[in-house]
Amino acid sequence: MNKIESVNDFVVRFANVNGSGSASANNLFAKAIFRAGVPVSPKNIFPSNIQGLPTWYEVRVNEDGFLGRRGGVDMTIAVNSQTLFRDYQELPPGGYFLFDSSKDLSDEFSRDDIIVIGIPLTRLCNDEFKNPKLRQLLKNIIYVGSLAFLLDIEFSILTDSIKKQFAKKPKLAEPNIKALELGYDYAKENYQGVCGLSVRRVDKLGDDILMDGNSAFGLGAVYAGATVTGWYPITPSTSVIEAFERYSAKFRTEDDTGRRKVAIIQAEDELAALGIVIGASWNGARSFTATSGPGVSLMSEFLGLAYFAEIPVVLIDVQRAGPSTGMPTRTQQSDLLSCAYASHGDTKNVLLFPCDPKECFQLGANAFDLAERLQTPIIVMSDLDLGMNDHVSAPLRWDDNRKYDRGKVLTAEQLENKQEKWGRYLDVDGDGICYRTYPGTHPTKGAYFTRGTSHNEYSAYTEESSIYLANMERLLVKWETARNIVPGPRTKISDEKLGIGVIFYGTTTHAAYEAISRFAGKGLHINTMRIRSFPFQDEVIDFINDHETIFVIEQNRDAQLRTMLMTENNISPRKLQSILNYDGLPITANFITERIKSLLGIDHKTQKDTEGETS
Amino acid sequence: MSFEKPSFRHPKLAKNSAGYTRKDYEGAISTLCAGCGHDSATNAIIQACFELGIEPHRVAKMSGIGCSSKTPAYFLSKSHGFNSVHGRMPSIATGANMANRDLLYIGISGDGDTASIGMGQFAHALRRNLNLNYICMNNGCYGLTKGQDSATADMGSAGKKGTPNPYSSIDLCELAIELGASYVARGFSGDKQQLVPLIKGAFAHSGLAFIDVISPCVTFNNTDTSTKSYQYVREHIEATNTFDFIPLQQEILASYDEGTSQEVVMHDGSIIHLHKTDSTKEVTDRLRAVNNLEEEKASGRLLTGLLYVNQDITDTHDIINSTLRPLNSLTEADLCPGNEALEEINEGLR
């Protein structure tokens, strides 16, 4: 048997029961790899349930810095009896199967091509720890200790992590460290030289951080000066607001009074949540909310009101698998069309596509400037993978000289000194955006009626066709202004003659770059473009026109970005070929590689690809 | 479409304590049907604002969709207005109020806008005790879509369409009390003398003040068979009591014989003097307030006036302990933690 051997390049999968405290142990493991300076990518694959169902935690370790899912697994820590056999069968030949040997495996577990590592977790745990409440949690910590030995992880990294985690309650650190030692010692006594997978300390991460995308959004909203949010809980966006609450508690409390410089209202539904955002924004406070697909459907009407009445809105859509209630704990990128064209009538909304926590923070914060400059909804498209998993990211930065762009708002003084008649929907400089006023600004000037009905330049109701048309046209002028100020794409040209390009966005990024680098390694240089916003800039159209073959890689069934590229920019369907992954799990480099090979007609026999054939 | 009103003002027109004339509180000419109850209700709002010396630009008027939701255009043209979407005025008002706690918020809705599609937002604005003056102009039908029954139409009542309403009706006032409202009143567009003090009391109340204004629809629901017609209302109306509203600044000129009045001190210091007679209802006790309504219904009467008032309350801003400075006045210095704090956060994520 050829056991899998690798230093700093493998995938470990933990198979647990959800609600059993496994997340804490598994995070500890991932964090230890991170602290050893090795790029690590943990993915939580959890059920839509509170307690008792299978949950997997897949950790990819990759020294080269490829942070997407690879596909396949090299080692499974199988501690869920419900899925034990399935986990056993799924391992590739030469893979490692770690299980709780307090109970023997039954006869059906009869493979001779994998390495079985039995650690008697329950027995070790119960012999040492008498407190039943602690046992469940510590049992998982024991296997982390075993892994430290098996994978050559420096033990001190783990003990330091525990001490840091329990810095405020040092008494809890003790049993955790003891549990680590139990697991470590048992593995050392029984499995010397067995495991061919190894972690070696390197310095590939510099000053990078490990953070989830939703927390980055919450923090970005605090930095951007958001003061009001109305929100409704839904998986997987709830933690955006929870992070906003946490950071607000830390940063938005008045020293002298203890009062809060923020209003966080848990609304009765998503419609009310967005209504609160719109009311606050209309009244001069920066406001936002976060939701997922089903919430966007509910918010459709209000989004149309914000579009037509031209009120700033920042909406974060942490997408999950649809349609309808779909798979609440699985990821997908399938809300593009419903966000871009939200609401009835002719509407178009600006979309932003962050790809990592740093962009969640940056683009999230910038969304507030864009919303108030453009006076329109800005919908930030994240997804469950980005939002709820921890990702290696460059550190977050803020320019202390940065001023908020509040857009075109008239002050009392400006109203007082104005010679010409002001109109809320009067375009004075040709960019399609008009000046607005906040309620309460001036005793006699600047008041106007906001309405979702058709309005003239002075915000009066009108049914005059020519005035209605002019207003609708002006919104298109504004759309052009948006095109020039939203974030541009990130393009990498490595071969100007080959004529093959790929386009992707959001969490497809890491897997896409990895697949492309594999082809580059074989001499096939494919150019890439990472789209970061809608409307699409000329650079995007030029990229498509400059290449003979374009693959649009996305995580939905109906090729939604492809649809938008065709519709908005008159691109022929024949020009854009799709690579689609929408099974609810994050797209893998293997998948993209296989699809590109297939679409390019690359023969599997003539192209020897030794990397990552397992899938 | 609004027609231009002449801006000529008589130089001797009386001014209130803030220096405004009554005309300064008016809006555009109404496009509602001639004789519509809503226009009288609008007038009562104008009257109350004028008499209290409220500065028009310190008011924000919000509404949903419907005939009644059009009325904000017909009063306080110097105030910002927001005519939003059907049934969703309370959430807009909530957000606006959170952004600036110092303005006076008037939320206009109708029975169609509130009691069906708006039921959820009505209930939750009450639960949170938003500092909002919620005026529902109630005519028992959907006027703007030509006369369908609304959820406040009484069972058996028939409007212009002729078919009696077969469903139970919702009593918004009783429901408001049950949901925790602390200022609930019912008025009638045809009785401004009663309605104006009710509105003033609402303004003085710190929390959600709900006024159900029976406001007949002359076009679709003013028939002999309708319980929301002018005639029916006049014949069946009963008032809980009468009261004087004394704003904080005003000297108390009237004197009350002992035992004849009950004083309710409002949050802002103004006072409501409830006149007590043998027939007046107890309105400061919640259980009694609900019973009053039930008793009147059983006897086929329509109870109006101040139905329930309780000053032992906290509004949304008190509950969330928000800063006394309006949130929309805060700047980068108040709100942005800076790069140094961000570095600490980065460090905690390594």
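What's counted below: heavy atoms across the whole structure, side chains too, no hydrogens, waters or symmetry copies. Naming convention: chains lettered A, B, ... in sequence-line order (proteins, then strands); numbering from 1 in each chain.
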Which one of B:Asn328, B:Leu330, B:Asn346, B:Leu324 has the most heavy-atom pairs closer than 4.5 Å to chain A? B:Asn346

Is B:Asn129 reaching over with its side chain to a backbone N or O of B:Thr314, donor-acceptor style, under 3.5 angstrom? yes

So what's closer than 4.5 Å to chain A heavy atoms on B:Ser79: side chain, backbone, both or neither? backbone

Turns out that what part of B:Glu347 lies under 4.5 Å from chain A's heavy atoms comes down to backbone

Treating A:Ser454 as the side-chain partner and A:Thr462 as the backbone partner, does any N or O pair qualify as donor plus acceptor under 3.5 Å? yes

Who in residues 333-341 of chain B is close to chain A, using a strict under-4.5 Å heavy-atom cut-off? B:Asp334, B:Leu335, B:Cys336, B:Pro337, B:Gly338, B:Asn339, B:Ala341

Aromatic ring centroids of A:His455 and A:Phe308 under 6.0 Å? yes

Examine whether an atom of B:Ile320 lies under 4.5 Å from a heavy atom of chain A, and if so say whether it belongs to the side chain, the backbone or both; otherwise answer neither. both

Go through the atoms of B:Glu55 and report whether side chain, backbone, both or neither lie under 4.5 Å from a heavy atom of chain A. neither

Which bit of B:Leu76 comes within less than 4.5 Å of chain A, counting heavy atoms only: side chain, backbone, both or neither? neither

Pairwise side-chain contact, B:Gln47 with B:Arg22, heavy-atom cut-off 4.5 Å (strictly under): yes

Contact class of A:Phe361 relative to chain B, heavy atoms under 4.5 angstrom: side chain

Does the structure place the NZ or CZ of A:Arg286 under 6.0 Å from the centre of the six-membered ring of A:Tyr404, at an angle of no more than 45° from the ring's axis? yes

Heavy-atom proximity to chain A below 4.5 Å, by part of B:Arg325: side chain

With a strict 4.5 Å heavy-atom criterion, list every residue of residues 90-97 of chain B that contacts chain A, or say none. B:Ser91, B:Ile92, B:Thr94, B:Gly95, B:Ala96

Chain A contact via B:Ser77 - side chain, backbone, both or neither, heavy atoms under 4.5 Å: backbone

Please classify the contact between B:Met89 and chain A as side chain, backbone, both or neither, with a heavy-atom cut-off of under 4.5 Å. neither

Taking ring pair (Phe, Tyr, Trp, His ring centres under 6.0 Å) as the criterion, tell me which of A:Tyr448, A:Tyr435, A:Tyr458 meets it with A:Trp422. A:Tyr448

Considering residues at least two apart in sequence or located in another chain, which fulfil the ring-ring contact (aromatic ring centres under 6.0 Å, His included) criterion with A:His391? none

Output all residues satisfying side-chain contact (heavy atoms from CB on, under 4.5 Å) with A:Asp207, sequence neighbours left out; order by chain, then residue number. A:Pro395, A:Arg397, B:Arg350

